[in-house]
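Presented below is the structure to which this report refers.
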Amino acid sequence: MNILRATQLYAPTLRESPAEAELVSHKLMYRAGLIRKAAGGLYSYLPLGWRTMKKIMQIIREEMDSAGGQEILMPIVQPAEIWQTSGRWAVYGPEMMRLKDRHGREFALGPTHEEMITTLIRDEVRSYKQLPLMLYQIQNKYRDEIRPRFGLMRSREFVMKDLYSFDKDVDGMNVSYQKMYDAYTKIFTRCGLKFRPVEADNGAIGGGHSHEFTVLAPSGESSIAYCESCDYAASDEKAELKVITADVEELKPLEKVSTPDCHTIELVKNFLNVPIEKTIKAVAFMDDDERLILAFVRGDHEVNEIKVLNVVEGANHLYMAEEKLINAANSCAGFMSPIGLNDKAIIIVDATVMEMYNAVAGANEVDAHFINVTPRRDFDAKKIIVADIRMVQAGDPCPKCGKPLHMTRGIEVGQVFTLGKKYSQALNATFLDEDGSTKTFEMGCYGIGVGRTMAAAIEQNNDADGIIWNKNIAPFEVVVVPVNAKDSAQLEFAEKIYDELKNSGVDVLLDDRKERAGVKFKDCDLIGYPIRVTISPKTLQSGNVEVKVRRSGEFMTFAREDVVKNILELLKTL
RNA sequence: CGGGGUAUGGCGCAGUUUGGCAGCGCAUCUGCUUUGGGAGCAGAGGGUCGCAGGUUCAAAUCCUGUUGCCCCGACCA
């Protein structure tokens with residue numbers, strides 16, 4: 001039997017990591033010899049890293065196949081025409097890597113494959129009888145990121161699984177979507193990740209669903225709110241919030257008071273000695289057309305700019321408002337409120353603000369505030385837009401079950417998305433339905449970042465000594481270590497154990513390097529094999545074998561004849 | 001694209017202020033000793049100091065230009 005020996009494995013481990021590596025996962029991937037960088041955002045996968053990548057890909061393949069997917073492979077180099085037809089040649093902008101061939105024809109390195117697959121299907125599939133269809137590939141993708149960083153987390157070339165579903169109607173599309181949602185749940189569970197499917201905004205596409213599969217990790221780039229009592233989770237920008245009602249109070253008359261230099265909520269609250277929940281905060285924005293947009297939230301809340309954008313018709317971007325705009329609306333910075341503004345301001349009031357009684361708000365003049373403001377009485381309902389515009393905070397009630405929400409950061413490793421007819425329409429991809437009519441495909445797309453999944457797994461599972469792999473994606477499940485490989489008795493014994501494990505289907509490596517025990521142990525911990533089997537003079541003599549579990553650090557002693565059986569049992573728990 | 005930094009052996013860094021033999025630790029190779037948590041001793045190899053110009057008797061060091069990389073920001077179906 002061919003033995004996989006560490007002496008023949010290219011696994012260059014380092015004591016130190018390159019200065020540029022910031023994230024734990026990036027450092028460990030470098031130190032453990034999983035990857036090396038070729039240029040900014042471009043990486044080579046070394047044998048250990050590629051083994052893990054292949055295991056993740058295999059899990060993906062199995063789940064895609066059992067959900068009805070079929071694997072294909074499409075070109076990386078894509079003709080410009082299909083992108084021009086869909087309109088994305090211009091839209092995608094500098095993020096798309098472009099090139100010309102010797103004849104001057106334009107091409108792109110695919111950042112995604114909607115155009116490619118839609119064109120493929122358009123030219124082949126004619127009948128509803130051929131539907132539904134789910135095709136996927138695991139392929140390199142290219143995005144010329146403005147700032148590649150964090151190793152494999154945000155790189156310019158990356159391995160991605162992308163599946164595209166084609167259905168004859170929306171119902172079918174939703175079935176495909178659910179199949180993928182379920183498959184993704186299985187995939188990330190098998191990878192041993194703590195994750196949440198997070199509700200995502202469908203934006204302009206509309207109508208369908210979208211979830212981002214987010215691995216929970218403090219270093220993640222996206223911030224999410226989630227509920228521990230139910231399965232609700234959403235990105236901070238998308239989390240919907242219910243109105244918070246306040247206890248009913250007797251209404252006092254509106255009154256203007258002097259508040260010298262109190263231009264922040266903190267100063268007003270202290271000066272007037274009121275709880276922050278009884279204050280109304282104003283944030284002034286303007287859009288591309290220099291329209292003034294004033295957003296009002298409770299003093300202890302923050303404005304969610306995305307929600308504001310969605311409320312204001314025709315606005316694409318928000319900027320900090322220029323002071324002259326605020327003055328033109330008959331107000332002044334630091335003392336704004338909806339009371340007494342002219343028509344130059346678009347006034348958005350958070351729904352929770354409307355529930356307040358006898359609160360404090362600006363008086364639209366320097367050094368003055370109103371007290372006893374009750375928005376329902378004092379705000380001009382015709383002039384204001386009431387909406388949910390606040391940013392979720394830890395402790396806010398879950399929109400599904402009402403329990404307090406938690407906040408965490410996460411790494412987006414996959415997303416599922418219904419596309420509807422967006423691309424099939426643009427590229428004129430149609431089929432003949434049962435009734436003989438021509439119809440446009442209902443599509444969905446579903447992506448998983450393979451490298452990012454690997455990085456996220458490390459980000460979530462490591463300690464001071466190195467990586468702690470889940471057995472399903474570890475480069476090897478078990479490493480057999482003779483502490484002194486120069487001792488032929490130890491080596492031979494280790495080889496026997498190796499053979500037995502191998503014959504039982506265990507993915508195993510023999511560390512036959514003639515290094516000192518300490519060096520080998522450190523490397524084992526760094527690389528993170530889930531189980532280490534140690535052969536030493538001591539164990540040889542007693543006829544037992546020592547086993548160390550990487551995650552728990554636990555040492556066990558197994559009788560020689562039970563080694564394989566016990567390791568198989570142990571693996572099931574890791 | 002704006003701001004800030006940086007570039008010296010495979011990795012981590014010093015040397016640049018004030019020009020004068022290119023260094024240190026780790027790693028690598030050889031030998032001896034050691035052998036259950038990154039060993040000790042002795043020796044060795046490896047760098048056009050990012051690149052291109054310029055100043056100078058002399059440039060890693062000063063000047064000009066350029067490129068890569070890193071950080072912050074803007075951007076991100």
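Throughout, a chain's letter reflects where its sequence line sits, starting with A, and its residues are numbered from 1.
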Checklist entry - Quick one: do A:Glu114 and A:Arg88 make a salt bridge, cutoff under 4.0 Å? => result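 Salt bridge present between A:Glu114 and A:Arg88.
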Next on the checklist: One thing to verify: whether A:Arg550 and A:Asp463 come together as a salt bridge, which I'm taking to mean a side-chain N less than 4.0 angstrom from a carboxylate O.
Outcome noted: yes
Within this structure, what is the [atom1]-to-[atom2] distance between [X] and [N], rounded to whole angstrom?
X	N	atom1	atom2	value
A:Leu14	B:G25	CG	P	19 Å
A:Asn484	B:A39	CG	P	14 Å
A:Met29	B:C11	CE	C1'	18 Å
A:Arg532	B:G37	CZ	P	10 Å
A:Phe521	B:G38	CZ	P	11 Å
A:Gln415	B:A77	CD	C1'	9 Å
A:Lys141	B:C76	NZ	P	21 Å
A:Glu145	B:C75	CD	C1'	10 Å

Using atom [atom1] of each nucleotide, how far apart are [N] and [M] to the nearest Å?
N	M	atom1	result
B:G5	B:A77	P	32 Å
B:G50	B:U16	C1'	16 Å
B:U61	B:G15	P	15 Å
B:A44	B:C62	C1'	37 Å
B:G38	B:U28	P	15 Å
B:C69	B:G53	P	23 Å
B:U30	B:C49	C1'	29 Å
B:U8	B:C13	P	10 Å

Item to check | Distance-only side-chain donor-acceptor flag, A:Thr214 / A:Glu412, under 3.5 Å | outcome: no
Checklist entry - Quick one: do the A:Gln139 and A:Asp162 side chains pair a donor with an acceptor below 3.5 Å? => result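 No, no side-chain donor-acceptor contact under 3.5 Å.
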Scan the side chains in residues 440-451 of chain A for donor-acceptor partners under 3.5 Å anywhere in the protein, sequence neighbours excluded, and list what turns up.
residue, atom, partner, partner atom, Å
A:Glu442, OE2, A:Lys421, NZ, 2.7
A:Tyr446, OH, A:Ser165, OG, 2.9

Item to check | Straight-line distance of A:Glu212 CD to A:Lys238 NZ, nearest 0.5 Å | outcome: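 A:Glu212 CD to A:Lys238 NZ: 4.5 Å, rounded to 0.5 Å.
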Item to check | Atom pair CH2 (A:Trp83) and OG1 (A:Thr112), whose distance is rounded to the nearest 0.5 Å | outcome: 6.0 Å
Side chain of [X]: nearest nucleotide among [options]?
X	options	value
A:Asp525	B:C13, B:G37, B:G38	B:G37
A:Glu16	B:C76, B:G25, B:A77	B:G25
A:Thr534	B:C76, B:C11, B:G36	B:G36
A:Ser536	B:G12, B:C76, B:G36	B:G36
A:Lys538	B:A77, B:G38, B:G36	B:G36

Next on the checklist: Does any part of the side chain of A:Trp89, heavy atoms only, come nearer than 4.5 Å to the side chain of A:Arg98, both counted from C-beta?
Outcome noted: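 A side-chain contact exists here, since the closest heavy-atom pair is under 4.5 Å.
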Which part of the nucleic acid, if any, lies within contact of [X], taking any heavy atom under 4.0 Å across all strands shown: a base, the sugar-phosphate backbone alone, or nothing?
X	answer
A:Glu412	nothing
A:Asp523	base
A:Lys520	nothing
A:Arg36	nothing
A:Thr112	nothing

Item to check | Centroid-centroid under 6.0 Å between A:Tyr177 and A:His209 rings | outcome: yes
Item to check | Aromatic contact, A:Tyr164 with A:His113 (centres under 6.0 Å) | outcome: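 A:Tyr164 vs A:His113: aromatic centres not under 6.0 Å.
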With both distances kept under 3.5 Å, what pairs with [N], Watson-Crick or G-U wobble?
N	value
B:C1	B:G73
B:A60	none
B:A39	B:U33
B:C26	B:G10

Checklist entry - OP1, OP2 of B:G68 versus side-chain N and O of A:Lys37: anything below 4.0 Å? => result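 For A:Lys37, the contact criterion (side-chain N or O under 4.0 Å from OP1 or OP2 of B:G68) is not met.
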Checklist entry - Can a side chain N or O of A:Arg516 be found less than 4.0 Å away from OP1 or OP2 on B:A39? => result yes
Item to check | Pairwise 5' ranking along RNA chain B for A:Thr539 and A:Gly41, keeping only the more 5' one | outcome: A:Thr539
Item to check | Residue met sooner reading RNA chain B from 5', once A:Pro18 and A:Phe555 are mapped to nucleotides | outcome: A:Pro18
Which atoms of nucleotides 71-74 of chain B (N or O only) lie under 3.5 Å from a protein N or O atom, and what are those distances?
residue, atom, partner, partner atom, Å
B:C71, OP1, A:Glu22, OE1, 3.1
B:C71, OP2, A:Arg147, NH1, 3.4
B:C72, OP2, A:Arg147, NH1, 2.9
B:C72, OP2, A:Arg147, NH2, 2.6

Checklist entry - Would you say the side chain of A:Glu515 and the base of B:G38 hold a donor-acceptor pair, judged only by whether the two atoms sit under 3.5 Å apart? => result no
